[in-house]
Every structure is written in structure tokens, then in C-alpha cells.
Amino acid sequence: MRREKIRRLNSLLEIYIDTNVDKDFSVLSKKADPFFIFSRDGQLVYVNDICETLLEYSRLELLHMKLSDVFVPTALNETQTFFFEKDYKELTSFDSQVRRKLGALLDVNLTTFPILFDNEVVGTYVVLKDITLIKKERELMSEKQVAAGQLAAGIAHEIRNPITAIKGFLQLTMSEYKGKPMYFKIIESEIDRIEAILKELMVIAKPTKIKHKKLNVRLLLEQVLTLMESQALLNDIQIEKRFNLEGETVLGDENQLKQVFINYIKNAIEAMPDGGRIQVEGILLNEDSVQIRIIDQGHGIPFDTLSRINEPFFTTKEQGTGLGMSVSYKIIEEHKGDFNVKSSTDGTCIEVKLPIMP
Ligand code: ADP
Ligand code: MG
């Protein structure tokens, strides 16, 4: 960007900070969440108290720092592409790493959103969440979790058979019953719900059955879309494909990876009760990775829930299981991929990066 423009945007940002920060940030509970604001040239221009504590620098020191001083070099590249992405207009959430003054590295989850002033993006808010503990716990728990996951998957499998039998006999009874069918409908829909939960639980862990093989990404996506298209049409939703992939392959488990995209597309459909369009993009990002995006025109994910969507059992839906996102996230992690989400009230973009085979 040209110097003059930067200068102009920076002076707008200054006005914004003087007049609006306190007002806007009461919603984010100014005391609880560490946050800073940086300008379009990457300079920190505002930090709150708790951010000083988190990063161990004084406010004065922080205000002389740039993004590149806060984030560790390995995380910086990716972090910067997020901060300076072209469409820039949305809420974004992703994990990164910062270096504190005394040298310790800190895992953080960042939620960023642009500051619009006079119809221009003049700077960016960055809210940090310390996830060091969560990450450590996750590592410690992972062994236990694998065992518990296997157990859950095993139990889910065992329960599925009797449920199928119950469902079958219920349907038989229903067809012969002459009274009011209402109770049957409730039983049936509750059984459907149990089945949905079991199905997702079974995906969580069945390491013995996971087979990693060479998978053509484009083919995999096409197959997922064939599965999902009828459900989309029922909801008055068009799925638009945009692929610039040919024979690129990833190493992975076919069913698990399909499950990932099915989960995301399902959520996209559920976010658009009045219909609309879902874009499914598959592109070759660079020589090492492909990027798959699912972009919907739904109601979006509000700020305070954005960082929670990958938590197991987190749901905002009356009939939700809260497992789709967490299962998908786990699968992506296991495939050494990356997950990111962007959302505004105009819709949501789920972004998955996967390493391709040479
Ligand atoms: P469920 O769909 O059963 O609620 P998920 O784990 O799939 O569980 O999703 C968790 C939550 O994340 C949803 O309840 C919803 O609030 C939010 N969410 C996920 N994807 C989207 C989307 N595309 N649009 C809006 N909200 C979404
Ligand atoms: Mg879901």
C-alpha cells in the first residue's frame, strides 16, 4: 500500500480509537479479554491492560512493536496472511503463537475483526485467548482420549444393532396401529436422533479400521457433493463447485475425510433455512497443499461462539449433537491439515488445508 494512503488510514484509526474503542469494547468485557489493535502497516496502536499482563510487556513497549515482534517467526507468516487477506471484512479465528517478553512461547487463539471507519478498513482488532493450558491438557489427555474414544466407538457400534431392531419393529407396529400416531412420531424421531449421535461417535475413534491411502481430492469432493446434493435441493440450496484441481492426491482415510466435508456442508445447509447458495472450492494452494473451502450464505457465527465451535458437544441447535465440528477438527488434525473459519452475518467460510503427496 502507498505511504500516503497508510498515513491517511492511520489518522482515521487514531480518531476511531479516541472516540470509539471504549464504546465498542464494552461488549467484549474489556477486563476479561486481552486485546490489541494494529494499524494497516502492522503497528500496534492500542493495547488493553490485561494484554500487558499476558505478553509481559508494558503498554509503552507494546506500542512500539509491530506484529512481527509479537508473533514467533514460524507462526508469523500464516498469521500475517490472515491479517492482511484480501477480503479482510470478516471475523476470523485461528491458532497462533506469541513470544512473551521473558522469552516463553504462548499458544493463543486469535479472533480478529476489521475496524471500519468512514467505510474503510483502518485497522484490526485482535482478541487473544491463552490456550497453553488447553493444549497441554490436550496432549496429556490424548492417550486417555484415544482409549476412551475407542471405547465410545465400540459401545456405539454395539448399541446400533438393537436400535435398528427397535426401529424396525416400531415401524411395523406403526403401520398396523389405528389410533393417534403422535407418540409414535416422537419415538421415531428420538430414535433417529440416537442413531445420528451414534453415527458420529463411531467416527471419533476406530483406529483399527482407519486405512490411509492415496486419495484424489477432486474425486473425493465430487463424491461428497453427489451425496449432499439432494439434501441441499430439498432445502432450496444450490451447490456451486469451483475446482482447479486435477490429479492432486492426499494421504488419508477416505471415509473420515468424506465425513469432514459432509459435516461442514450439513452445517452450511442448516445455517440457511431460507435457501441460497453454497460454494465448494478446491484449489491447489502451493506445491505442498490443497485448500478446500465451504462458503455459505447463512446466518453466520456470532463472535462469542466462534472460538467454541470445535468443542465437543457445543451446539446452538435444539436438535444438534455438537459433534460434527469437533469430529471434523480431530480428523483434520490427524491428517496434518489446518482448519480455519471466517464468519460474518452474511455467511461462513470454512477453510481446510491438507498436505498433498509429492
Ligand atoms: P451441530 O451441527 O449438531 O450443532 P456441530 O459441531 O456441527 O454441531 O456445530 C457446532 C455449532 O457450530 C453449531 O451448532 C452452530 O452454532 C455452529 N456452526 C457450525 N457451522 C456453522 C455454519 N456454517 N453457519 C453457522 N453456524 C455454524
Ligand atoms: Mg453439525
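Side chains are part of it too, since the values below use all heavy atoms of this structure and drop only hydrogens, waters and symmetry mates. Remember, it's 1-based here, ligands and their atoms both numbered in the order they're listed. Remember, predicted model here, so these are calculated numbers, not experimental data.
Aromatic ring orientation, Y16 versus F117: perpendicular (interplanar angle above 60°, classes split at 30° and 60°).
T321 pairs by the side-chain hydrogen bond (donor to acceptor under 3.5 Å, both in side chains) definition with E200, not counting sequence neighbours. Applying the side-chain hydrogen bond (donor to acceptor under 3.5 Å, both in side chains) rule to S326 yields no partners; only residues at least two apart in sequence or on another chain are considered.
The minimum heavy-atom distance linking C349 with R293 is given by the pair SG-CD, 3.8 Å. The shortest heavy-atom contact between L257 and L354 is CD2-CD1, 4.3 Å.
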Candidate pair N267 and K317, rule side chain to side chain donor-acceptor pair (under 3.5 Å), full reasoning: CA-CA 10 Å; N267 283 341; K317 299 169 194 170; 3.0 Å; yes

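Within a radius of less than 2.8 Å around the Mg ion (ligand 2), the protein N, O or S atoms are N267 OD1.
Follow the hydrophobic side-chain contacts under 4.5 Å out from I15 and you reach V45 in the same cluster.
With respect to the salt-bridge test (charged N to carboxylate O, under 4.0 angstrom), the residues R218 and E248 do not qualify. Between E334 and K330 there is a salt bridge, since a side-chain N of the basic residue sits under 4.0 Å from a carboxylate O of the acidic one.
Enumerated by chain and number, the residues approaching ligand 1 to less than 4.0 Å through a heavy atom are N267, A268, E270, A271, D296, H299, G300, I301, I309, F314, T315, T316, K317, G320, T321, G322, L323, G324, M325, T348.
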